[in-house]
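Data block below; observations after.
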Amino acid sequence: MEGTYRELQPKHPAPTSFIAKYVLSTDHKVIAKQFLWAGLVFLAVGGGLAMMIRWQWGYPGAPLPGTNSPIGPALYNKLFTMHGLIMIFFAVTPMMIGAFGNLCIPLMIGARDMAFPKLNMLSFWTFALSQVLIIASFFVPLGTGSAGWTTYPTLSTQVGSPGLGQTLVVVAIFVTGSATLMGAVNYITTVIRLRAPGMTYMRMPLTVWGMWLTAILNLLFVPVLAAAAILLVLDREFGTQFFIAATQGGMDGDPVLFQHLFWIFGHPEVYILILPAWGFVGDLLSFFARKPHYWYRGTAYAMIAVTVLSGVVYGHHMFMTGMNPLLGKSFMLLTLIISVPAELLFLNWLHTIYRGSIRLTTPMLFSLGMVFVFGLGGLTGIFLATISTDIYLHDTMFVVGHFHYTMAAATLLATFAAIYFWFPKMFGRMLDETLGKIHFWTSLVLICLVFGGQLLVGYAGQQRRLWDPHQYTFLQHLLPLNRATSWAAFALGVSQLAFVYNWFHSMFRGARAADNPWQVGTLEWTVSSPPPHYNFDEIPTVRRGPHELSDPSFEKLLGRDWVSQAELLPELAGTTAVPQASPSAPLGAPLAAVMARKEH
Amino acid sequence: MTRGRGLDGWTGGASALLRRVGAVLVGAGALLAGVAAVAQAAPQPESSWGYPRDVSVEGHRIDWLLNVTSVFVGILFLIMAVWMGIAIAKHGRRHAAEHDHGNAKKQIVKALGLSALIFLIVDGNLFFHSIRDLDEAFWNFAKAETHPEAVRIEVNAHQWAWDARYAGSDAEFGTADDIVTFNDIRVPRGVPVVLQLRSVDVIHSFYLPNLRQKVDVVPGTTTHLWFAAKETGEFEIACAQHCGVHHYKMRGVLTIYEPEGYRAWLGEAQANARVAYDAADLLGHWGWRWDKEYY
């Protein structure tokens with residue numbers, strides 16, 4: 001068995017040239033950083049677009065501050081279209097899945113790299129190409145896509161969106177989907193084949209569970225999106241009419257077909273983005289409550305259940321398309337059933353922190369914040385899962401508020417939790433805790449105001465994607481609320497500067513990170529920060545689950561409340577010394593104070 | 001009348017000019033008064049947050065379900081927040097962590113039981129009422145259609161307006177006596193109004209916020225919607241699906257009359273329709289078979 005692991009993961013010499021080391025790198029840790037940088041840059045772009053949308057909603061038709069030009073309806077449509085696409089495919093996906101999937105999977109399962117390092121490199125550079133395409137779409141005649149991130153035909157065909165921009169956007173989605181697919185194949189294979197000896201599925205950190213299930217969903221459903229994208233490009237540029245219906249009979253396509261294809265992918269997509277978040281949070285709540293994850297298997301099973309169910313609920317996006325009532329009701333039941341595993345996840349998270357010994361570090365705050373906003377996002381979802389309430393709320397700002405709480409707030413807070421948690425491992429330095437806490441509290445409060453404001457105007461019936469909602473008499477009274485929400489959004493944008501400063505400052509000037517600054521037992525913390533080129537000189541042998549914290553028997557033996565997954569305990573080794581223990585290097589002073597348990 | 005007075009003063013000179021200006025101002029004032037009279041009947045702004053005024057016979061079902069579910073999820077969210085709050089406040093770093101894997105049989109049964117219980121109460125209530133409301137009201141087209149006084153209208157959506165067609169006195173769509181309106185649908189109070197909808201260009205969504213109804217309007221497919229109003233007045237027809245540059249302007253007005261008012265309007269519109277009919281305008285001859293078996 002040991003032999004197999006060695007054969008699968010030979011040690012190659014570390015690259016020496018700049019290109020091989022930083023550009024065309026096959027090292028999962030470098031690729032993780034590439035994805036993280038790319039994602040952060042596009043997060044800023046997508047955020048900037050959001051600010052412009054909010055300006056228009058707060059001050060419809062007024063010139064953008066500092067310019068003479070108002071945002072016209074045509075430009076506005078491009079703004080919200082590209083905000084959605086950029087945030088989903090070019091910011092959250094690369095940061096969460098590209099960066100932390102790459103970083104965490106090999107390090108947490110005790111592997112030296114991904115199963116296919118070259119495919120991993122190709123995945124990033126394919127993704128980079130899709131970023132070039134999406135940026136290029138802004139600079140062609142008639143500008144970029146404006147058919148909404150869902151690109152529903154026939155609006156997204158030449159019938160509604162002439163010009164090259166929309167085609168480039170659809171091609172970019174296809175290319176980024178290809179990159180995602182390469183990553184998915186790699187993640188799935190790595191988890192199946194390269195787990196260290198003793199790392200059974202039920203000993204994997206929940207982060208790895210989340211990434212693995214996400215990769216499986218990507219592998220199954222991204223090809224459906226790719227198919228829809230190809231058919232749409234054929235309709236746009238090659239004269240086919242898969243989605244274009246003739247108004248007077250004859251051979252014609254069906255625009256609703258696209259919606260089926262899109263949402264067969266699109267609904268799993270929201271779980272693709274949230275499963276890694278659940279994984280991070282499942283691990284971090286346990287780590288910082290210094291307590292094993294409550295019913296770990298139940299959490300893993302719940303995540304598997306959601307993964308399975310996510311493929312059979314997509315019809316709730318199409319309740320209003322005039323679908324067969326029996327089909328609609330079936331989708332309603334299946335969608336509501338997802339709340340069972342979701343409730344189980346919440347119960348397990350809450351039980352995990354309850355009776356713990358909570359250390360409110362920045363990653364822990366972001367994890368708790370994720371639970372809070374995901375609670376709001378999940379609970380507002382059941383209004384939309386139900387057909388009769390959806391009749392009123394469908395395509396309103398309530399939907400926008402709901403999916404921003406889940407896909408934006410929850411995923412981004414979880415991603416920030418991951419950044420604050422693994423930054424020391426990635427860069428060998430700590431992020432500043434004070435700035436981190438400022439970043440957290442401003443983000444949490446303002447996120448709730450911004451997306452809460454969206455829920456409120458949606459409850460009042462305001463449709464989404466209106467250039468000026470107040471053209472409607474029944475929405476006129478919402479202008480002050482929309483304007484206040486806009487100001488909360490501007491403040492949210494500004495508050496991210498705390499993170500930007502922290503990121504750059506800490507990367508170069510931050511306190512040196514210890515190997516295991518958070519004093520937890522998963523395998524990535526048994527190697528140096530940042531890890532050596534091949535992660536593990538010797539592939540570790542895993543002996544226990546990822547959350548063995550505050551076990552009285554270990555505490556007595558080791559004098560600390562954590563134990564590494566691979567640690568050989570002295571009594572088992574037959575010695576009294578503790579040579580296997582990961583070095584508890586001295587912590588930075590502020591962090592040590594946070595992490596240390598205070599005596600009564 | 002005002003114009004006449006202005007003309008009377010048309011004698012030249014400065015005083016005459018002043019009189020002319022005065023006349024124009026008076027005329028403008030009268031015009032504004034006229035607009036104001038129309039505006040009074042136009043859709044009224046809402047006064048408070050929350051759902052817009054419900055003027056439909058069945059909409060209370062949706063409002064009730066929204067309210068009840070809001071209370072349910074409010075309670076669940078409160079429990080979650082308090083639970084987190086207690087843990088953070090009381091089980092901080094001064095508190096020794098309890099070593100508990102939470103995988104004892106009793107704990108598992110408790111967690112599963114609690115999840116199932118919440119599901120049965122909250123989701124069960126939603127599912128049960130939604131199915132009932134759909135069967136009894138929102139998607140029960142048979143009930144609406146078999147009503148003896150049901151009003152049938154065809155809506156043809158296009159960027160960025162709603163064309164509506166009434167069958168006219170012969171009860172046949174697509175004939176010379178059809179009444180065709182633009183962004184203007186008028187219906188009687190108290191009877192089911194059944195709509196067939198289609199789009200000629202992109203997907204729209206026909207949305208009546210005050211009547212709690214909505215359905216997508218799709219090129220190549222006919223969709224349906226019905227409602228019954230319980231109050232008279234003017235309310236907005238909105239587009240809920242992004243349909244292009246001027247999506248935000250795809251706004252129509254729904255006028256709800258008392259049945260006698262509706263008949264009076266219909267009679268007048270019928271007479272005008274015959275005059276306005278243009279046999280050469282082929283594009284104006286849209287209209288679809290009224291298929292009883294669409295569900």
Side-chain angles (χ1 to χ4, degrees), chain A residues 73-74 148 152 154-155 159-160 245 247 252 254-256 290-292 294-295 320-322 325 329 336 339-340 343-344 347 350-351 353-359 375 379 382-383 386-389 391-392 394-395 456 460-461 463 465-468 471-474 476-477 550-552 597-598, chain B residues 43 45-46 49-50 52 62 65-66 69 73 76-77 80 83 87-88 91-99 101-103 108 111 114-115 118-119 123 126-127 130-131 133-134 138-139 200-203 205 209 212 214-216 218-220 223 236 238 240-246 248-249 251:
Chain A
Y152 277 3
T154 44
L155 184 62
V159 172
T247 46
D252 57 357
D254 184 359
V256 178
R290 313 306 293 173
K291 194 165 161 275
Y294 193 88
W295 195 23
M320 297 303 116
T321 54
K329 290 167 187 174
L336 288 170
S339 53
V340 178
E343 282 150 17
L344 196 58
L347 286 172
L350 293 169
H351 274 117
I353 59 168
Y354 200 72
R355 301 215 179 96
S357 179
I358 295 172
R359 315 298 154 86
L379 289 169
I382 63 174
F383 293 85
T386 308
I387 298 170
S388 57
T389 44
I391 289 175
Y392 173 62
H394 198 92
D395 274 323
L456 281 178
Q463 311 96 289
R465 295 167 167 174
L466 295 179
W467 179 74
D468 180 2
Q471 289 271 329
Y472 284 96
T473 315
F474 81 104
Q476 276 170 2
H477 66 301
S550 301
D551 183 331
R597 186 200 298 171
K598 272 198 187 145
Chain B
E46 295 293 323
W49 294 359
I62 289 177
L65 198 53
L66 282 170
T69 310
V73 303
L76 287 177
F77 185 72
M80 186 192 88
W83 194 336
I88 291 167
H91 305 151
R93 54 193 149 124
R94 289 167 190 279
H95 180 270
E98 213 166 81
H99 184 71
H101 279 94
N103 54 5
I108 293 172
L114 211 52
S115 301
I118 298 170
F119 174 75
D123 300 61
L126 272 168
F127 185 72
S130 186
I131 293 281
D133 294 348
L134 291 171
F138 305 115
W139 282 2
V200 299
D201 40 39
V202 303
I203 299 176
S205 191
R212 308 291 188 266
K214 185 182 289 153
V215 76
D216 285 356
V218 184
T223 54
E236 280 167 311
Q241 181 69 267
H242 171 43
C243 57
V245 176
H246 294 292
Y248 75 106
K249 276 203 166 169
R251 171 187 177 277

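The structure presented is a predicted model; accordingly, all values stated were derived computationally and were not measured. Here is how names work: the chains are called A, B, and so on, in the same order as the sequence lines, proteins then strands, and each is numbered from 1.
With hydrogens and angles disregarded, no donor-acceptor distance shorter than 3.5 Å links the side chain of Glu343(A) to the backbone of Leu114(B). The main-chain N or O of Phe474(A) is found under 3.5 Å from a side-chain atom of Glu236(B) such that the two form a donor-acceptor pair. Side chain of Thr154(A) to backbone of Asp201(B): a donor-acceptor contact under 3.5 angstrom is found. In this structure, His99(B) contributes its side chain and Pro292(A) its backbone to no donor-acceptor pair below 3.5 Å.
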What do the steps show when you test Thr69(B) against Thr389(A) for side chain to side chain contact (heavy atoms under 4.5 Å, CB included), and what is the final call?
CA-CA 10 Å; Thr69(B) 310; Thr389(A) 44; 5.5 Å; no
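With contacts defined as side-chain heavy-atom distances shorter than 4.5 Å, the pair Cys243(B)/Tyr152(A) does not qualify. Within the 4.5 Å cutoff, no side-chain heavy atoms of Gln463(A) are placed close to those of Gln241(B). Using a 4.5 Å cut-off on side-chain heavy atoms (C-beta onward), Phe138(B) and Ile387(A) make no contact. Under the 4.5 Å side-chain criterion, counting only non-hydrogen atoms from C-beta, Thr321(A) is not in contact with Ile203(B). Side-chain contact between Pro325(A) and Leu134(B) is absent, with no heavy-atom pair separated by less than 4.5 Å.
Val202(B) and Gly160(A) make their closest contact through CG1-CA, 4.4 Å (heavy atoms, listed as atom of the first residue, atom of the second, distance). Contact between Leu347(A) and Ala111(B) at its shortest, heavy atoms only, is CD1-O, 3.6 Å. Considering every non-hydrogen atom in both Pro219(B) and Ala245(A), the closest pair reads O-CB, 3.4 Å. A pairwise comparison of heavy atoms in His477(A) and Glu46(B) identifies CE1-CB, 3.3 Å as the closest pair. Shown here for Pro73(A) and Val245(B), the closest heavy-atom pair between the two residues is CB-O, 3.4 Å. Taking all atoms of both residues into account, the shortest heavy-atom contact from Leu466(A) to Tyr248(B) is CD2-CA, 3.7 Å.
Interface summary for chain A: among Ile88(B), Val215(B), Leu76(B), Leu126(B), the most heavy-atom pairs under 4.5 angstrom belong to Leu126(B). Residue with the most contacts toward chain A among Ile131(B), Asn103(B), Val73(B): Val73(B) (heavy-atom pairs, distance under 4.5 Å). Annotation: maximal heavy-atom pairing with chain B below 4.5 Å, among Leu344(A), Ile391(A), Thr473(A), occurs at Thr473(A). Across Ile382(A), Asp551(A), Val159(A), the residue that shares the most heavy-atom pairs under 4.5 angstrom with chain B is Asp551(A). With chain B as the partner, the residue from Gly356(A), Pro255(A), Ser339(A) showing the most heavy-atom pairs under 4.5 Å is Gly356(A). Between chain B and the options Met320(A), Lys291(A), Arg355(A), Gln476(A), the largest number of non-hydrogen pairs under 4.5 Å is found for Arg355(A). Considering only heavy-atom pairs separated by less than 4.5 Å from chain B, the leading option among Val256(A), Leu456(A), Leu379(A) is Leu379(A).
If you measure heavy-atom distances from Thr223(B) to chain A, the contacts under 4.5 Å come from the side chain alone. Within the 4.5 angstrom heavy-atom criterion, only side-chain atoms of Asp254(A), from C-beta onward, approach chain B. Contact annotation for Phe119(B): both backbone and side-chain heavy atoms come within less than 4.5 Å of a heavy atom of chain A. Proximity to chain A is limited to the side chain of Val218(B), based on heavy atoms less than 4.5 angstrom apart. For a residue to count as touching a neighbouring chain, one of its non-hydrogen atoms must lie under 4.5 Å from one of that chain's; by this rule Glu98(B) touches chain A with backbone and side chain alike. Heavy atoms of Leu66(B) lying under 4.5 Å from chain A belong to its backbone as well as its side chain.
Taking the six-membered ring for Trp and thresholds of 30 and 60 degrees, Trp83(B) and Tyr354(A) have ring planes more than 60 degrees apart, a perpendicular arrangement.
In Arg465(A), the CZ atom is crowded: over 12 heavy atoms of neighbouring residues, nucleotides or ligands sit closer than 6.0 Å.
Using modelled atom types, one finds no donor on one side chain facing an acceptor on the other under 3.5 Å when comparing Asp395(A) with Ser205(B).
Between the CD1 atom in Ile353(A) and the NE2 atom in His91(B) there is a gap of 10.0 Å [rounded to 0.5 Å]. Between atom CH2 of residue Trp467(A) and atom NE2 of residue His246(B) there is a gap of 9.0 Å, rounded to the nearest 0.5 Å. To the nearest 0.5 angstrom, Ile62(B) atom CD1 is 11.0 Å from Thr386(A) atom OG1. Atom OG in Ser357(A) sits 9.0 Å away from atom CZ in Arg93(B) (nearest 0.5 Å).
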